[in-house]
Amino acid sequence: MASSYTFDQLYGPGSDSQDLTGGTPYTFTITNNSGSSYFTMETVRDYSGTTPKNTSGSLSSLTNIASYNQSDYITGFSLPVGTNSFVFTPATTVTGTTLKLRGTGGIILSISP
């Protein structure tokens, strides 16, 4: 089942992600109706010393992505106008409340397994 996120949900503090199963490919489709925009997936920092590596894994099938940076804790994308997409396969299972999805501009996000 696909999950969708509006601009209002992604702007500012962002929105919790859906849970992501390790080893399962997820297609992220981002529609950008405004100028150059950005989208990030950010691990929520856990000050107990057990911060999960939520964005470790593989990125593939990048379409219309201007550029991106990936680490184990945050991945960010620069997005031109239009439909942008990528496939993210997490290395480990991600609990949605520990991963924030954030965006600038008028973007709309859909995630489907």
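When a residue number appears, it is its place in the shown sequence, counting from 1.
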How many angstroms lie between [atom1] in [X] and [atom2] in [Y], if you round to the nearest 0.5 Å?
X: R45; Y: I74; atom1: CZ; atom2: CD1; value: 12.5 Å
X: I30; Y: L79; atom1: CD1; atom2: CG; value: 5.0 Å
X: K100; Y: S15; atom1: NZ; atom2: OG; value: 6.5 Å

Side-chain ([X]) to main-chain ([Y]) donor-acceptor, under 3.5 angstrom:
X: Y26; Y: T21; value: yes
X: N32; Y: G35; value: yes
X: T104; Y: S37; value: no
X: T75; Y: M41; value: no
X: R102; Y: Y11; value: no

Give every donor-acceptor pair under 3.5 Å between a side-chain atom in residues 58-69 and any protein atom, sequence neighbours left out.
unit_1 : atom_1 : unit_2 : atom_2 : d
T63    : OG1    : S61    : O      : 3.4
N64    : ND2    : T83    : O      : 3.3
N64    : ND2    : N84    : OD1    : 3.3

Validation row: F39, F28 side chains within 4.5 angstrom (heavy atoms):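 Answer yes - side chains close enough.
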Non-hydrogen side-chain atoms of S4 and I108 separated by less than 4.5 Å: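 Answer no - side chains too far apart.
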Set of residues satisfying salt bridge (Lys or Arg N to Asp or Glu O under 4.0 Å) with respect to D72, sequence neighbours excluded: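 So D72 forms a salt bridge (Lys or Arg N to Asp or Glu O under 4.0 Å) with K53.
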For the student: nearest non-hydrogen atoms of L109 and L101, plus distance: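 Answer, listing the atom of L109 first, then L101: CD2-CD1, 3.8 Å.
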Heavy-atom pair of closest approach, residues S34 and G105: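 Smallest interatomic distance, heavy atoms only, reads OG-CA, 3.5 Å.
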Hey, can you pull the donor-acceptor pairs under 3.5 Å for the side chains in residues 85-99, sequence neighbours left out?
unit_1 : atom_1 : unit_2 : atom_2 : d
T93    : OG1    : G22    : N      : 3.1
T98    : OG1    : N54    : ND2    : 3.0
T98    : OG1    : T95    : O      : 2.7

Residues, nucleotides or ligands: over 12 heavy atoms within 6.0 Å of Y73 OH: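 Counting neighbours around OH of Y73, more than 12 heavy atoms of other residues, nucleotides or ligands fall under 6.0 Å, so yes.
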